[in-house]
Protein chains: 2
Amino acid sequence: MMLSSKNRQLIYYSVAFAVLFGLLKWIEYQFLVANYSFEIYASATALLFTSLGIWIALKLTKPKTTTIILEKNKFLSNSNNFKPNEKLILQLGLSKRELEVLQLMAQGLSNQEISENLFVSLNTVKTHISRLFSKLNVKRRTQAIEMAKKSAIIL
Amino acid sequence: MMLSSKNRQLIYYSVAFAVLFGLLKWIEYQFLVANYSFEIYASATALLFTSLGIWIALKLTKPKTTTIILEKNKFLSNSNNFKPNEKLILQLGLSKRELEVLQLMAQGLSNQEISENLFVSLNTVKTHISRLFSKLNVKRRTQAIEMAKKSAIIL
DNA sequence: ATCTCATTCATACTTTAGGATGATTTTTAA
DNA sequence: TTAAAAATCATCCTAAAGTATGAATGAGAT
């Protein structure tokens, strides 16, 4: 049986919880046997689980990307010396396949045509495009094309 | 005396902590007096403080942002040298309005947005675009954009 | 080894785009 | 001034694009 990555994560967190509870019991035992004050035990517990909460929150929140556009004047005329902006492509995290799809999209192909061109299903193309839109921070294919051309992601 | 917003936040959090510890003591009292199981008390505490941790993390961390600095190259000679292909525009019989629509289309606007931009109805925009497609001999807006840029109808 | 990421595909659904057709109102040029 | 072109808008319909969610798998990285 296969587990989705989300389910696996859940299981990991559950196990982590279990381990922490074990730790809790151990601390409890130590303190009670040693007859230390209950307050110290409570404080330790509180700190422990507060930290756990912070950790979980930090792990689970996704970073929000803000794009700052700096205009840099360049005196170039031709598309002959086109050099893809590798740095930006890396920064945006565009995969090989996504770039291919973007390229074909910019050439005016429909999703159906792209899928036939790459020998994959229409759904796959849609998935790639959805991810592209989110990575490029756009809502439509025409916006994606505009953006990708202006920032030299594609020719 | 003035308090900076950071100091005020700190105070709020301290107070929140105090209140929570109070709550903790109360729960502890309830459980101990009522002679409930210690495990339930511990679980409640753990959950409480895990939640607290999550809340603190979400509140306190400035929204995790990965800032992408995009160096947009502004090709001066390109924009300066651009001369619309008037001959072709005449040959194709493109009207002023159609060119405007084409321009906005290439900038990534949706039909709705174009209509708002030009203060006409959505239907009007569709009509213009239909004529454009037939005149440019294309089937989709992405093709129209490709074609219009390649043949210097628009920038 | 195991975890992450890229790639693939599916289903179900909503929204937008595009096509066909007809009609009214301005402009514009003969 | 009147015919032609341009611009406007509508309705009905179909096709394509886009969203959301879940899932399977193979390749690399740790």
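A, B, ... follow the sequence lines: proteins, then strands. Residue 1 opens every chain.
By the 4.5 Å heavy-atom criterion applied to side chains, B/E86 and B/L90 are not counted as neighbours. Inter-residue side-chain proximity for B/N111 and B/K126 is flagged as met; some heavy-atom pair is nearer than 4.5 Å. Residues A/I153 and A/L136 are in side-chain contact: their nearest non-hydrogen atoms beyond the backbone lie under 4.5 Å apart. Considering only heavy atoms from C-beta on, A/T124 stays 4.5 Å or farther from A/L118 through its side chain. Put simply, the side chain of B/F133 reaches to within 4.5 Å of the side chain of B/R141, judged on heavy atoms. Taking 4.5 Å as the limit, every side-chain heavy atom of B/L94 sits out of range of all side-chain heavy atoms of B/L88. Residues B/E113 and A/R140 form a side-chain contact, since some pair of their non-hydrogen atoms from C-beta on lies under 4.5 Å apart. Contact of the A/L99 side chain with the A/K96 side chain is not registered, since no non-hydrogen atoms from C-beta on lie closer than 4.5 Å.
Counting to the nearest Å, the P atom of C/dG19 and the CZ atom of B/R141 are 11 Å from each other. The NZ-P distance, from B/K135 to D/dA5, rounds to 11 Å in whole Å. Nucleotide D/dT19 holds its P atom 8 Å from the NZ atom of A/K139, rounded to whole Å. Here the P atom of nucleotide C/dA17 and the CD atom of A/Q143 are 11 Å apart, to the nearest Å. Distance A/L94 CG to C/dC5 P: 15 Å, rounded to the nearest Å. For A/L132 and C/dT7, the CG to P distance is 10 Å, given to the nearest whole Å.
Between A/G93 and B/N111, the residue anchored nearer the 5' end of DNA chain C, judged by the nucleotide with its closest heavy atom, is A/G93.
In terms of polar N and O atoms assigned as donor or acceptor, the side chain of A/R131 comes within less than 3.5 Å of the base of C/dT8 in a complementary pairing.
Counting only distance, with no hydrogens or angles, the side chain of A/T127 and the backbone of A/N123 share a donor-acceptor pair below 3.5 Å.
Non-hydrogen atoms lying under 4.0 Å from DNA chain D are contributed by B/V120, B/S121, B/N123, B/T124, B/T127, all within residues 112-127 of chain B. Of the residues in residues 96-110 of chain A, A/S110 come within less than 4.0 Å of DNA chain D through at least one heavy atom, sorted by number.
Ranking C/dG18, D/dA7, C/dA17 by closeness to the A/R140 side chain, first place goes to C/dA17. Of the candidates D/dT19, C/dG19, D/dA17, C/dG19 carries the atom nearest the B/F133 side chain, counting heavy atoms from C-beta on.
Listed pair B/H128 / D/dA7 fails the phosphate criterion, with no side-chain N or O lying under 4.0 Å from OP1 or OP2.
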